[in-house]
> 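This is the structure I have questions about; it appears just below.
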Amino acid sequence: MEDQHIPASLFDCPVVESRPVGAYRLISFVAREVAALARPGQFLMVRAAGQSLDPLLPRPIGVHELESDLVKILIEPVGRGTISLAGLRVGDRLSVLGPLGNGFDLTGEGPALVVGGGIGAAPLAFLVRALAQRGREVRCLLGFKTRGQAVAAELFRNQKVDVYTEDASMGEMGLVSEPLTGILAEMQAGGPANAISTAGAVGDLRAAEIFACGPDAMLAAISGIASDHGANAQVSMAAHMACGVGACQGCVIRTVDGYRRACSEGPVFAAGEIAW
Amino acid sequence: MEDQHIPASLFDCPVVESRPVGAYRLISFVAREVAALARPGQFLMVRAAGQSLDPLLPRPIGVHELESDLVKILIEPVGRGTISLAGLRVGDRLSVLGPLGNGFDLTGEGPALVVGGGIGAAPLAFLVRALAQRGREVRCLLGFKTRGQAVAAELFRNQKVDVYTEDASMGEMGLVSEPLTGILAEMQAGGPANAISTAGAVGDLRAAEIFACGPDAMLAAISGIASDHGANAQVSMAAHMACGVGACQGCVIRTVDGYRRACSEGPVFAAGEIAW
Amino acid sequence: MKASLHTSLGPLNLGHPIINASGTFDVIEADRILEADLFSDFPFAAYVPKTVTLKPRTGNEPPRLYETAAGLLNSIGLANRGIENFIVEDLPRLAELPVPIIASIAGENTSDYGSCAEMLAGRDEVAAIELNVSCPNVELDGRALGCDPERTARAVSLARAATSKLLIVKLTPNVTDIVAVAQAAAAAGADCISVINTVHGMALDPWTLKPVLGHTSGGLSGPAVKPVALRAVYLVSRALDLPVIGMGGVTTAQDVLEFLAAGASAVAIGTASFRDPVLAARLAGELRDLMEIRGIYSIGQLSGMA
Amino acid sequence: MKASLHTSLGPLNLGHPIINASGTFDVIEADRILEADLFSDFPFAAYVPKTVTLKPRTGNEPPRLYETAAGLLNSIGLANRGIENFIVEDLPRLAELPVPIIASIAGENTSDYGSCAEMLAGRDEVAAIELNVSCPNVELDGRALGCDPERTARAVSLARAATSKLLIVKLTPNVTDIVAVAQAAAAAGADCISVINTVHGMALDPWTLKPVLGHTSGGLSGPAVKPVALRAVYLVSRALDLPVIGMGGVTTAQDVLEFLAAGASAVAIGTASFRDPVLAARLAGELRDLMEIRGIYSIGQLSGMA
Ligand SMILES: Cc1cc2nc3c(=O)[nH]c(=O)nc-3n(C[C@H](O)[C@H](O)[C@H](O)COP(=O)(O)OP(=O)(O)OC[C@H]3O[C@@H](n4cnc5c(N)ncnc54)[C@H](O)[C@@H]3O)c2cc1C
Ligand SMILES: Cc1cc2nc3c(=O)[nH]c(=O)nc-3n(C[C@H](O)[C@H](O)[C@H](O)COP(=O)(O)OP(=O)(O)OC[C@H]3O[C@@H](n4cnc5c(N)ncnc54)[C@H](O)[C@@H]3O)c2cc1C
Ligand SMILES: Cc1cc2nc3c(=O)[nH]c(=O)nc-3n(C[C@H](O)[C@H](O)[C@H](O)COP(=O)(O)O)c2cc1C
Ligand SMILES: Cc1cc2nc3c(=O)[nH]c(=O)nc-3n(C[C@H](O)[C@H](O)[C@H](O)COP(=O)(O)O)c2cc1C
Ligand code: FES
Ligand code: FES
């Protein structure tokens, strides 16, 4: 994805909202510069401000939404770092480095199919809104394990979202990748280019384009479906990070051209670039 | 000092008061069993409850005062452990093991001269009250570096306290050990045994007795003065601790009989036992 | 289905895999000081007393303890009242424990190991003997006897000649090649390997900038060293066909799970007992829960899974 | 009176004692990504680029990073584009920095050190060369060339023959006797010793219980290893008459102070830069404050105070 050289800085940000959203926690903090600069799919290196060495390092967290001076993040507490972040309360302070990474490329014109899995849904609210603002047709599919996670779909307020849960506790039952083939075909059919039966050529701006974030297995499945349909797919990849700025070589993703750093050359990659 | 076999346990205690007292912080928490059992000079192994590994271990902290179900401690934030304790606020929880250690022996009958230096004053409020309740004549001298520390003297509410500061910012100027010779002589003179000119024999219950807690150098000086006057002195010694229950051999104090564990054989020792 | 926590170290059967690390838990003192009745309700599957030596040792000059980031430095220096006192005064009391006793011994030279093992050989209260060849706090340069495979082998041989009891050899991580030392111990007759003893380290007083510890340097334990310990367990258990006792930074049931997966047959808790004196009582139950949600129903299935 | 922070590594003068640790700070990338203008406002007293090798290396299989208690495990595996690219593409840009450049090189065998040193010998942009003989992430058993005093000496000799530039040798703590390796390096012509590189360690994925790192094991850095590093600095600086660069867990100005007191002439910051990307800019000023309240007015006065 193209790098647009948005300068990142370190900020000390007060938390102004902290509330549970099912199994996740929504945290809003004041960060005017980040809110002014961040693009969908970019991330921040975030930790609770202060001297405590537990956790030691910040964690990469996607920008969930922006609202004037506020930046919102959605946290799934799974380990040392995210449990600490989920424990933040109003009045606590965050150390925030960002915005980082390339973000999604929104310059296409075809219909957009946005697909999220689990906490991978977090950065997609901002994305869906930005795509809609650019006048693109957007469909959004979110898959979760359980209802506790799936209530996060309510954060996509003004957007129609199809929810899937593995245990059928909310929305449709099943993996989000399952209905994808059908929906993609449907969207390609509705697209003005109307060249779907021959599988819209890659690069055809009117063809449907997929934007996805979630577990590797989901992204791999989506990538396969996209390539079967000749649809572009942009995937946001996860990796453990230390520096977040391309220095440590720690966050590499295996691509067809060798290792690429998720922090500085990603986290968004063309699905075709990834060596699944 | 004699061991009276008070069983110690581990408690999870809610903080109900946390306020600065000059350079120190006063923290009160609910701990019914500790409040019922603890004796002056005993200590607790205390850390903020929870999973954070910073700090890793509890710290030994003297019982400052008791008030029905409440235990009060006074904290001087000097390092990893005490800074974390001083950061506790109402509603936070403490992990507390105690009461531990032997405490002061209050069974004497003569006048008591209680001497504290710096944060060593913390456990003496409880001691002074207990001595007074036993009907003993009590004089209390507290020495501090600065006024910021010396305001802690206000915690000795109903007791007359003579304050000394090294920078003359409050009370008299100088080290608390300086006036000691004079005061001791005065008290011995006033004592019913009236045998001071020949230096009251050790073990004479009517002779003045010193109780001290503070930096090693202060305790050593006091010990010298006490032995010059043939007065008993009990000193509470400081040591880094890990287990607090006599298991790790980490907290030893050099005594005339070899190393002794501050946690289980102290922290209060007869001044004459210590190899200064 | 309920997971079984039963495990064994050769012929020594343990009800669950969690024991205490030598020098960090004194059941006699703890029973005296704490309200808990530790002799009837003992949380560990075996009891390892503090290491004893042929002669009493007063230990190193204080200060002996200092907390570092997620770790504890100690320089106790094997303070103990000597093996005679241990046998005469402590053993009879320890025999009341409902679990096996693993006596820990150390020497100032290799022959001490033989002498100490001989003194314990006839004591039925002692189920196994751990040879601590790895205390970094005896020599000033922190060089334990166990830094040298040959001296280690000699110490083990002498102990082996003295007793047929289960011999556990406790190794230091402060070596270039811990597997080589473990192999030397195994060849000399060890039945089981304990890893790790503390990692050598040092701290300065923040104000005076002189070494904090009276002994200048000390041994690092606690969560900080867990990655070092896990690697040692992994390497030693793969290289040798002997049971391994894993330790170093174990603080949660998840840690116990990981050490077992790395290849340990039992796991010892040291520094974490200082942090949470009732930890041990909870761990076995929590371990069972962690095993069951992963569909693991025996320690054998878990051990070496990594 | 104002404390002077000036220090030197042999003939190399530094404005203050704080430099970056190789592999943890990339000034070209950071300048591109961050708003700060790092080329004009460079926080470190010298710049140490990531270690380069004769041939490009893709590095180890991911995952390459995992946080442990107060520490970071990494298994990057010396991913780099090779010394040619470094010389042609990076060096001209790095020459714009207002501070000396200390190039870091590593080899797969001893002769690589000679070849790399030779390629840098004629480059005026390079003020000094650090021989990284201590990366634990190249061999699977974590055994670096620097685990062996003789191989270390050979690598140093070859580099020494190739260049008269200041030669720094960076040692691994994963040895029985780090002083012996330092002495071998010194005898072979090293001008300065860096300690420590990372401590070998390992972590398991909490759910799968398989090694987290693609390379199985890795190197531990950060505050967890500070006691190990401080001890290495203390021992090496006392045993040798060479300047020492201290590193390992340095996170605060107090830590810098302690490493200098332990015997270092300069101190490197690695993992802490990940925790706080603007740390370096603050440290020198904070260090001066800590020196002045202790009445210490020069690094010489401080160095080795412990
Ligand atoms: C660009 C980017 C954006 C992200 N956005 C968000 C977000 O908005 N909200 C959110 O909650 N999380 C987000 N994450 C994931 C988050 O960074 C990780 O969950 C976090 O690093 C885990 O750290 P921890 O200390 O909590 O868990 P750890 O203790 O490090 O690990 C706990 C468990 O989670 C696994 N794990 C840890 N990190 C990852 C990872 N990055 N990918 C896959 N498995 C992992 C570990 O293997 C382990 O099993 C994002 C990650 C990236 C790279
Ligand atoms: C029986 C007993 C009762 C105590 N009661 C109180 C109390 O009521 N209130 C209170 O604030 N403190 C009390 N202390 C002291 C307190 O335990 C120590 O200050 C504490 O352990 C320091 O830990 P830290 O992590 O904050 O500092 P560290 O980071 O461990 O050390 C910071 C600095 O303080 C020095 N230091 C640390 N601990 C001690 C110590 N025990 N003695 C001397 N110097 C030390 C260190 O050498 C270092 O210079 C008591 C200690 C004992 C043994
Ligand atoms: C205070 C203390 C005393 C110790 N004494 C001994 C000992 O006497 N014998 C021994 O073999 N190990 C001793 N050890 C090492 C521990 O048994 C254990 O190997 C090490 O601490 C690592 O485990 P941990 O991180 O769980 O503490 C001691 C450790 C500490 C912290
Ligand atoms: C991600 C990472 C990459 C590293 N790469 C190198 C390297 O290329 N060359 C080298 O000599 N040391 C390398 N190191 C080791 C550091 O330079 C340093 O010696 C070590 O991390 C200890 O310092 P710290 O605790 O401040 O990080 C690396 C360390 C980390 C964490
Ligand atoms: S996190 Fe350091 S290069 Fe990406
Ligand atoms: S603190 Fe462990 S014996 Fe006193």
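Letters go in sequence order (proteins before strands), and every chain restarts at 1.
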> Say whether, by atom type as modelled, one donor and one acceptor occur between the side chain of C:K226 and the main chain of D:G201 under 3.5 angstrom.
no

> Strictly distance-based, threshold 3.5 Å: is any side-chain N or O of C:R231 a donor or acceptor partner for the main-chain N or O of D:H200?
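Between the backbone of D:H200 and the side chain of C:R231 there is no qualifying donor-acceptor contact (under 3.5 Å).
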
> For residues D:M202 and C:P227, determine if any side-chain heavy atom of one lies less than 4.5 Å from a side-chain heavy atom of the other.
no

> For atom CD of C:E292, decide whether the heavy atoms of other residues, nucleotides or ligands shown that lie under 6.0 angstrom number more than 12.
yes

> Please check: side-chain N/O of C:Q254 versus main-chain N/O of D:P206, any donor-acceptor pairing under 3.5 Å?
yes

> If you compare all heavy atoms of C:L204 against all heavy atoms of D:A262, which two are closest, and at what distance to 0.1 Å?
CD1-N, 4.0 Å

> If I take atom SG from residue D:C147 and atom CG from residue C:D177, how far apart are they, to the nearest 0.5 angstrom?
9.0 Å

> Based on non-hydrogen pairs under 4.5 Å, which of C:G249, C:P211, C:P173, C:A203 is most in contact with chain D?
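Most heavy-atom pairs under 4.5 Å with chain D: C:P211.
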
> Taking D:A69, D:P223, D:G222 one by one, which has the highest count of heavy-atom pairs under 4.5 Å against chain C?
D:A69

> Please assess D:V199 against C:V199 for the test side-chain contact (heavy atoms from CB on, under 4.5 Å), listing each intermediate value before the final yes or no.
CA-CA 11 Å; D:V199 175; C:V199 175; 5.8 Å; no

> Please classify the contact of C:I293 with chain D as side chain, backbone, both or neither, using a heavy-atom distance under 4.5 Å.
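Contact with chain D is through both the backbone and side chain of C:I293.
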
> Under 4.5 Å between any side-chain heavy atoms of C:N174 and D:V175, yes or no?
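They are not in side-chain contact.
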
> If you count heavy-atom pairs within less than 4.5 Å of chain D, which of C:T68, C:V179, C:D148, C:T176 leads?
C:T176

> Check whether D:T251 gets within reach of chain C through its side chain, its backbone, both or neither, counting any heavy atom under 4.5 Å.
neither

> Mind ranking D:L257, D:L230, D:L209 by heavy-atom pairs under 4.5 Å with chain C and telling me who comes out on top?
D:L209

